[in-house]
Amino acid sequence: MDSYLSNLLKHLSESETVWFNKKMELIKAAENEKELFFSFSFVQRKIERKEVVVDQRKWFTDELVRLFFILAKEENDPETFYLKFEKLFITSDSKESIALLKSLPFYPYTKGLLNKASEGLRSNVSDIFKAVAIFNEFPQKYFNEMTWNQMILKSLFIDSPLYSIIGIDEKRNLDLNRMLCDYALERIAASRSINPELWRCVTDVSDNRIFSEWEKVFSNGNDFEKSAIGLISKRSKEQISPSYSMLSNISHEKLRYNTWDEIGEALELERKEL
Amino acid sequence: MKWIDPHIHCSARTTDDYVKMAEQGIVAVIEPAFWLGQPRTNVGSFIDYYSSLIGWERFRASQYGIKHYCTIGLNSKEANNEALAEEVMEILPRFLPKEGVVAVGEIGYDDQTKLEDKYYRAQLELAKEYDMLVMVHTPHRDKKKGTIKSMEVALEHGLDPNKVIIDHNNEETIQDTLDRGFWAAFTIYPKTKMGNERMVEVVKKFGSDRIIVDSSADWGYSDPLAVPKTANLMLKMGIAEEDVVKTCYSNAILAYGQSGQFNESDWEQKTDADPKELFEGNSVLRGQENNQTKTS
């Protein structure tokens, strides 16, 4: 946490630092939670929002201040901590919910917050969903297969990037493979395009309609789509389909992106520019 | 032209209203916490209501290019349920410092009962403690006496009248409100309270200083376009543009801007509503173009 603190302090003005330190002391010394609740919300009036990058992840000053406020008073048992989190969570506005969920990996006790994390995934506000889904170790560590798979599928539905999901390759599973193929088939049937990142988690295909789709986008698709097919073809033949020959004839030299991360990143950039 | 509706209960309105409001030039709204028609029976209902004012409704308005702010408070009607009111008072401090909460409100009197008085005063104290503005709902019945009492009690508690907006004024109460240095807001209802034409007369007679026009549109018969309609009528009736802008736009900024949470730059610099902000695989726009994209 030291690098987070020093990074945060670099981005705070003198008066912000004074306020932050004073409130840290007050929260630590407080007998009840009133000070924490008040300061947690008051952050928006006192701390100017600035971007802070720590460990390649994008945070905002207000989010980090909130995280340190939550950690200011050490709790000795999980239940007290969970209760504190619950109270902050049920009255949080969107920015506060995002800060609370983004901070999940940094809490002293996390296991009991599984329901809150899932609730974040169900949110209608995409940034709250992303606070759980991307650059967060919590899902990989605690989500069961069902919750994980729903998270991946929803990411595709709302154009949230897959490459930023920690554990995206490690947690691949057959049920997810099936869900993604079914989803791809729905898109194909409706003549809609398929987010090329979808194929990252697909390892087992038997439906010819998907092969035809691959052939179609490989000859007429955009760079993202072509590169994705190129990456599929690099997988062992047994994994995809032993009898399917199209993939083995692909030459990789002309493809623009060479890893799934590159595709995901470029796609995200393009979406932002649109 | 740009307008602000500083009192409208958007939660009770449809998305069609948002579309029309944006088309008519409304750039920002304030939604005061009020009662829902149906009395609430537990504090959880209040928590969820306040949360939706700072969360979901703000998000929904943003999809139509309208900046949404709110006030948080225990309304006078429900102050009469003492056990519940006590619980609500406990949770108010959790919401008052949130982003975009511009005042404690709308609070005040309805039947002017003892309990209403108790919680009005308690909330005035909260406003002082949190250094916040107050939006006062003045009663429909026994109006003049109730309006004067609302102001006298606020002064008794040491509030600066410049930080208190007295709403639902009429021709009979405005002089008392202005004389005491409070902001005088007028609600334009299609049939009751103030009508558009009456408002024109008020501005002709009292000028535009400290006067604010709003719709208070809610779940009842009301008009979410009351502010732009009144503004246009004022212009047509020969009221100077400067006075129209003051009463239907800039006075609201002067009054509520004191909160530090209501700044013209919020909507002047706003980026286009992001139609790609989706939820449950659907946007609230459901394929409809948002106003920003449509006009740009």
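Letters A, B, ... are given to chains in the order of the sequence lines, protein chains preceding strands, and every chain is numbered from 1.
- Scanning residues 69-92 of chain B against chain A with a 4.5 Å heavy-atom cutoff picks out nothing at all.
- Counted within 6.0 Å of NZ on A:K28, heavy atoms from surrounding residues, nucleotides or ligands total 12 or fewer; the atom is thus considered open.
- Side-chain atoms of B:R94 do not come within 3.5 Å of backbone N or O of A:I90 as any donor-acceptor pair.
- Heavy atoms only, all atoms of each residue included: B:G55 and A:S94 are closest at CA-OG, 4.3 Å.
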Give every donor-acceptor pair under 3.5 Å between a side-chain atom in residues 18-27 of chain A and any protein atom, sequence neighbours left out.
from, atom 1, to, atom 2, distance (Å)
A:N21, ND2, A:T17, O, 3.3
A:K23, NZ, A:E35, OE2, 2.8

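- Taking 4.5 Å as the heavy-atom cut-off, the residues of residues 38-48 of chain A that approach chain B are A:F38, A:S41, A:F42, A:Q44, A:R45, ordered by number.
- With a 4.5 Å cut-off on non-hydrogen atoms, A:K87 touches chain B through its backbone and its side chain both.
- Counting only distance, with no hydrogens or angles, the side chain of B:K98 and the backbone of A:T91 share a donor-acceptor pair below 3.5 Å.
- When B:G100, B:P97, B:G260 are compared by the number of non-hydrogen pairs under 4.5 Å with chain A, B:P97 comes out ahead.
- Among residues 34-53 of chain B, the residues having any heavy atom closer than 4.5 Å to a heavy atom of chain A are, in sequence order, B:I47, B:S51.
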